[in-house]
Amino acid sequence: WRGRYLFLRRHNVPTLQEGKIYHIRYFNLLPNNQRYRLTDQPYIINIKETTTITLIQENIAPIPSYIFRPQRYTQLISLASETNFLPDVVGRICLIQGSDLYNHYTDSKIIIGLRLDRSKLVRLTLWDKEASNFRELNRISTRKKQVVIITSIIPRIHEEKLSLTATPGTRFYFNNEIDIIQRFQKRNKLLS
């Protein structure tokens, strides 16, 4: 990442800011064949030496900063053999196991039992910084029995069961105002 930043600075490419809109010229559009894709889009933009990036100053409606694309259980099963897509999931936390769950300075493993629908319970494993981040969220307010959107996870089949693992891109969204969480609660007849 540092090398990419130095390249951008050396070629007078402005630092991009979230929420701003830019006009980008003279770039390459490449197939998204990265090992772990953070997006399901088929292409990526490759900035090169001749690329120009100009900030658009006009007042334009904001673009959503994240679009959640939660996958259902059957979709996760089929994605378990894929190695290039990190899906999102929505579910209800039923179980939290780990040591020192309210100390965010601890980064030991946490196991979460996540109910994806009325009948499907899966195991989500958090490691390192993701475990520490979850401990911080849990310290502020207990997360057991809450509905959550979890982004950028790795689905795997282990002993003929679906299991999920967090990645460095994993984030947790507990906001009951998010439409996907409301639909999950309604579909599974949960009270918010």
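Note that the structure is a prediction, hence the values are computed from the model and not measured.
- The heavy-atom pair separating Ile157 from Ala80 by the smallest distance is CG1-CB, 3.6 Å.
- Taken from OG1 in Thr165 to CD1 in Ile153, the straight-line distance is 8.0 Å, to the nearest 0.5 Å.
- Residues Thr170 and Phe172 share a closest heavy-atom pair of CG2-CZ, 4.1 Å.
- Side-chain contact, Ser108 with Arg135: a donor N or O sits under 3.5 Å from an acceptor N or O.
- Between Tyr43 and Asn32 the shortest side-chain heavy-atom distance does not fall below 4.5 Å.
- Residues Thr167 and Ser152 meet the side-chain proximity criterion, which asks for heavy atoms closer than 4.5 Å.
- Side-chain contact between Val89 and Pro70 is absent, with no heavy atoms from C-beta onward closer than 4.5 Å.
- Between Pro155 and Pro87 there is a side-chain heavy-atom pair separated by less than 4.5 Å.
- Panel note: side chain Ser132, backbone His104; a donor-acceptor pair is recorded below 3.5 Å.
- Remark: Arg171 pairs with no residue by the salt bridge (charged side-chain N to carboxylate O under 4.0 Å, His left out) rule, at least two apart or across chains.
- Under the 3.5 Å distance criterion, the side-chain polar atoms of Gln75 are matched with a main-chain donor or acceptor of Arg72.
- In terms of modelled atom types and a separation under 3.5 Å, the side chain of Asp88 and the main chain of Arg69 share a donor-acceptor contact.
- For the pair Lys48 and Thr51, the tightest heavy-atom approach, listed with the atom from each and the gap, is N-OG1, 2.9 Å.
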For residues 115-127, tabulate all N or O donor-acceptor pairs below 3.5 Å that involve a side-chain atom, not counting sequence neighbours.
from, atom 1, to, atom 2, distance (Å)
Arg115, NH1, Arg118, O, 3.4
Asp117, OD1, Ser119, N, 2.9
Asp117, OD1, Ser119, OG, 3.3
Asp117, OD1, Lys120, N, 2.8
Arg118, NH2, Arg187, O, 2.8

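- Every residue meeting the ring pair (Phe, Tyr, Trp, His ring centres under 6.0 Å) condition with Phe68, not counting sequence neighbours, appears here in chain and number order: Tyr66, Tyr173.
- By the 4.5 Å heavy-atom criterion applied to side chains, Leu114 and Ile150 are counted as neighbours.
- Residue Ile111 is not grouped with residue Ile154 when hydrophobic side chains (ILVMFWY) are merged at heavy-atom distances under 4.5 angstrom, including chains of intermediate members.
- Using a 4.5 Å heavy-atom threshold, the side chains of Ile149 and Ile181 count as touching.
- Annotation for Tyr26: atom OH does not count as buried by contact number, only 12 or fewer foreign heavy atoms lying within 6.0 Å.
- A donor-acceptor contact closer than 3.5 angstrom is absent between the side chains of Gln146 and Asn176.
- Counting heavy atoms from C-beta on, the side chains of Val148 and Val90 never come closer than 4.5 Å.
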